[in-house]
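A short write-up of the structure that comes next.
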Amino acid sequence: CFLSGLEIPPNKLSVEHYCPKSRVPSFIWKDPNNIHAAHKTINAIKSDRLPCEWERIKWNLTYHALHHWNLKQDDKYFVARTLQNWETYTINPCDYCLLHCGKTK
């Protein structure tokens, strides 16, 4: 999973547009460098947030989903493992963001 850094069970695979379709022009969201594999639940938690937004609030959103969403047991386990994995797995959003927000890669 691009967002969590964990292996995705085959039945939980979804397509992640790191720069979301609803927030950017089609030439950006259609770019193959913007498309990644993600776990369905983690992708749902990220929703249509831009990379910098997601990286800033992902811990709070994911913790909230773990404790307040009505998740199946296997999804709860994956979300909990994601939070643990983020202790060491990090993404610099500017390395994958195609918006070229002025930061160097």
Side-chain angles (χ1 to χ4, degrees):
C1 172
F2 177 74
L3 300 172
S4 70
L6 299 171
E7 186 174 339
I8 308 168
N11 62 332
K12 300 293 181 172
L13 181 66
S14 69
V15 174
E16 159 60 8
H17 291 86
Y18 198 49
C19 294
K21 294 166 68 170
S22 65
R23 307 273 306 268
V24 297
S26 63
F27 74 90
I28 291 177
W29 67 258
K30 288 180 179 180
D31 188 308
N33 295 316
N34 187 49
I35 300 170
H36 305 276
H39 188 278
K40 287 180 181 180
T41 302
I42 304 301
N43 202 4
I45 295 168
K46 179 183 175 278
S47 186
D48 66 347
R49 291 173 181 85
L50 294 169
C52 294
E53 295 170 336
W54 167 245
E55 291 300 320
R56 192 172 44 251
I57 60 174
K58 70 181 182 183
W59 286 86
N60 291 339
L61 292 173
T62 305
Y63 185 84
H64 177 82
L66 178 64
H67 294 285
H68 298 286
W69 288 16
N70 187 22
L71 298 174
K72 295 179 183 177
Q73 195 61 36
D74 60 336
D75 292 333
K76 272 190 175 188
Y77 178 69
F78 193 91
V79 170
R81 286 183 42 229
T82 295
L83 287 166
Q84 289 175 332
N85 200 48
W86 281 342
E87 295 291 335
T88 57
Y89 177 77
T90 60
I91 296 174
N92 178 346
C94 293
D95 288 346
Y96 296 94
C97 180
L98 302 178
L99 297 176
H100 307 295
C101 57
K103 299 189 179 184
T104 58
K105 292 186 178 188

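Every heavy atom of this structure was used, including side-chain atoms; hydrogens, water molecules and symmetry mates were not.
Residue Lys76 places its NZ atom among 12 or fewer non-hydrogen atoms of other residues, nucleotides or ligands, all under 6.0 Å distant. Environment of OH in Tyr89: crowded, with over 12 heavy atoms of neighbouring residues, nucleotides or ligands closer than 6.0 Å.
Judged by distance alone, the side chain of Asp48 and the main-chain N or O of Pro20 form no donor-acceptor pair under 3.5 Å. With hydrogens and angles ignored, the 3.5 Å screen pairs a side-chain donor or acceptor of Lys46 with a backbone N or O of Tyr18.
Between Ile8 and Phe2 there is no side-chain heavy-atom pair separated by less than 4.5 Å. Considering only heavy atoms from C-beta on, Ile57 comes within 4.5 Å of Arg49 through its side chain. Residues Arg81 and His39 are not in side-chain contact: their nearest non-hydrogen atoms beyond the backbone lie 4.5 Å or more apart. Looking only at side-chain heavy atoms (C-beta outward), Ser4 and Asn85 stay at 4.5 Å or farther from each other. Side-chain atoms of Leu50 and Val24, non-hydrogen and from C-beta on, do get closer than 4.5 Å to each other. The side-chain heavy atoms of Ile91 and Glu55, taken from C-beta on, include a pair separated by under 4.5 Å.
Clustering ILVMFWY residues whenever any of their side-chain heavy atoms sit less than 4.5 angstrom apart, transitively, puts Tyr77 in a cluster other than the one holding Leu71. There is a path of hydrophobic side-chain contacts, each under 4.5 Å, that joins Phe78 to Tyr63.
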- Item | Glu16/Ile35 under side-chain contact (heavy atoms from CB on, under 4.5 Å): CA gap, chis, key distance, verdict | CA-CA 6 Å; Glu16 159 60 8; Ile35 300 170; over 6 Å; no
- Task: Could you walk me through whether Trp69 and Val79 pass the side-chain contact (heavy atoms from CB on, under 4.5 Å) test, one step at a time?
- Result: CA-CA 11 Å; Trp69 288 16; Val79 170; over 6 Å; no
- With side-chain contact (heavy atoms from CB on, under 4.5 Å) as the test, would you mind laying out the steps for Asp74 and Lys12 before giving the verdict? CA-CA 10 Å; Asp74 60 336; Lys12 300 293 181 172; 3.3 Å; yes
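Considering every non-hydrogen atom in both Ala37 and Leu13, the closest pair reads CB-CD1, 3.6 Å. Shortest non-hydrogen contact noted between Asn43 and Val15 is ND2-O, 3.0 Å. Of all heavy-atom pairs between Leu3 and Trp86, the closest is O-NE1, 3.0 Å. Here the shortest heavy-atom pairing between Asn34 and Cys19 reads OD1-N, 2.7 Å.
Separating the CD1 atom in Ile45 from the OG1 atom in Thr82 is a distance of 7.5 Å, to the nearest 0.5 Å. The CG atom of Asn60 sits 11.5 Å away from atom CZ of Arg56, with the distance rounded to the nearest 0.5 Å. Atom CD of Glu53 is separated from atom CG of Leu61 by 10.5 Å, given to the nearest 0.5 angstrom.
The pair Asp75-Lys40 does not meet the salt-bridge criterion, since no charged nitrogen lies less than 4.0 angstrom from a carboxylate oxygen.
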